[in-house]
Amino acid sequence: MTTRTRTMAAAIAVAAAVTGTALLGVSGASAAAGASHGTLTISNGTKYVLINGHKVNFGVPVRDLAWSPDGAKAAFVDGSGNLDIANPDGSGRVVVAKNPGNQNWSHPTWQVTAKDTRYNIPAKDNLVFAARAGGVSRLKYISAKAVHGTPKTLSLNADPGALPQTGNVWPNAAGHYGTSVYANVGNGAVYIRDDYLRQQGGKLTQGSQPALSPNEEEVVFVRSVAGHDHVLVEDFTHGNHIKDLTPHATTDYTEPAWSPDGKTLAVRTPSGTMTLPADGTGHPVKVTSTVGLAAYRP
């Protein structure tokens, strides 16, 4: 049994049992060109994305930006509610899926896997996101190569009643096998989904806004503790131990994002963006007063 198989088996088993600086006025091209992989970026619904400490003009409002695993493309929801991808400097924008109207799309994430000839598994290059229509949220997916495509509902096969089919939000995929986590607004729980060899998954713990570590061995999430939103981490490799990374919080820490090396987390606060060690050995440090969704460019 491989390390990855053991890790996912532990996560699935538990799931089953549980059932910066201010913005500077520089050109987008120069800022993006100087942004190395591992750079922290922040999107906040304006047309400017904070990259490498500078604002990059994407030409349209950018919400919920997420980077492809190779850092070559950014996916986001634009001001018209469409799902777009673009180059790191905002150029080459393509509308992958056009919002049909009366829907709210949010939090895209990339699910990318290589072709596996051992198991006859085709390569994947998908975008998974949450779509709310008529007050009901579902997870959707579409090929990242589509142009004005039509998203499909993401399958959550399980025993009848085992997994909620609606109310699912905040998908986040990571690793080489396309594993993802997501939250459910109905029961306040975090779920894991693995469809590499076969689709499986289930409930992990109570929380929201989950993010899977790059090595797929940990998940961070948000949980209300003593009047504030804390960031906690669950380790699949050590008995699914849960640790509070912000035990002394005096403000709300939300929307955690992993650095590509898995050593640092970026989190949102009402006064800006902070970073902290992912192993809980340090305190949050403010890196910018810009408030928005943090994401690291791989």
Side-chain angles (χ1 to χ4, degrees), residues 3-4 7-8 11 20 35-43 49-52 64-76 88 107-113 127-129 169-183 190-194 204-205 207-223 229-238 240-246 253-269 272-288 292-298:
T3 300
R4 192 260 171 185
T7 300
M8 295 315 303
S36 61
H37 294 277
T39 296
L40 179 63
T41 66
I42 301 171
S43 58
V49 178
L50 188 72
I51 300 179
N52 201 30
D64 295 353
L65 181 146
W67 293 99
S68 61
D70 62 2
K73 296 288 183 178
F76 56 91
H107 211 265
T109 185
W110 296 77
Q111 185 194 41
V112 178
T113 63
L127 289 168
V128 179
F129 62 98
V169 297
W170 210 271
N172 180 265
H176 299 294
Y177 298 94
T179 305
S180 59
V181 290
Y182 59 94
V190 171
Y191 289 81
I192 190 167
R193 181 183 186 273
D194 178 23
L204 289 174
T205 187
S208 64
Q209 301 175 357
L212 190 64
S213 64
N215 63 7
E216 303 174 82
E217 294 182 355
E218 297 174 285
V219 59
V220 291
F221 56 94
V222 174
R223 182 186 291 173
D229 288 333
H230 288 221
V231 172
L232 296 87
V233 61
E234 180 171 357
D235 187 343
F236 302 145
T237 63
H238 293 87
N240 293 83
H241 174 69
I242 294 178
K243 181 177 182 179
D244 190 343
L245 301 178
T246 55
Y253 295 102
T254 59
E255 303 177 2
W258 291 89
S259 63
D261 61 9
K263 295 181 179 180
T264 304
L265 294 170
V267 294
R268 176 175 181 159
T269 73
T273 303
M274 295 190 175
T275 60
L276 66 155
D279 61 4
T281 57
H283 300 289
V285 175
K286 188 173 183 178
V287 294
T288 175
L293 181 74
Y296 282 94
R297 182 186 177 193

May I ask you to test the [X]-[Y] pair for a side-chain heavy-atom distance under 4.5 Å?
X	Y	result
T179	I192	yes
Q209	T254	yes
W170	V190	no
Y182	N172	no
S180	L212	no
P88	W67	yes

(message) Quick check against the 3.5 Å criterion: does W258 have a side-chain atom that pairs as donor or acceptor with the backbone of P214?
(response)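 Checked: no pair found.
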
Nearest 0.5 Å please: distance from the [atom1] atom of [X] over to the [atom2] atom of [Y].
X	Y	atom1	atom2	value
H230	L245	NE2	CG	11.0 Å
D229	R268	CG	CZ	11.5 Å
L293	I42	CG	CD1	9.0 Å
D244	R223	CG	CZ	9.0 Å
F236	E218	CZ	CD	8.5 Å
L232	Y253	CG	OH	13.0 Å

(request) Among T41, D261, T264, find the one that has a side chain to side chain contact (heavy atoms under 4.5 Å, CB included) with Y296. (result)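 When side chain to side chain contact (heavy atoms under 4.5 Å, CB included) is applied between Y296 and each of T41, D261, T264, only T264 qualifies.
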
(request) Please determine which of V181, T109, L127 meets the side chain to side chain contact (heavy atoms under 4.5 Å, CB included) test together with P171. (result)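 Only match with P171 under side chain to side chain contact (heavy atoms under 4.5 Å, CB included): T109.
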
Could you tell me which non-hydrogen atom of [X] sits nearest to which non-hydrogen atom of [Y], and how far apart they are?
X	Y	value
S68	W110	N-NE1, 3.3 Å
E216	Y177	OE2-CD1, 3.3 Å
A266	L40	CB-CD1, 3.7 Å
P260	P298	CG-CA, 3.7 Å
M274	K286	CG-CA, 3.7 Å
V231	T246	N-OG1, 3.0 Å

(message) Would E234 and T205 count as a side chain to side chain donor-acceptor pair (under 3.5 Å) here? Give the steps.
(response) CA-CA 9 Å; E234 180 171 357; T205 187; 4.7 Å; no

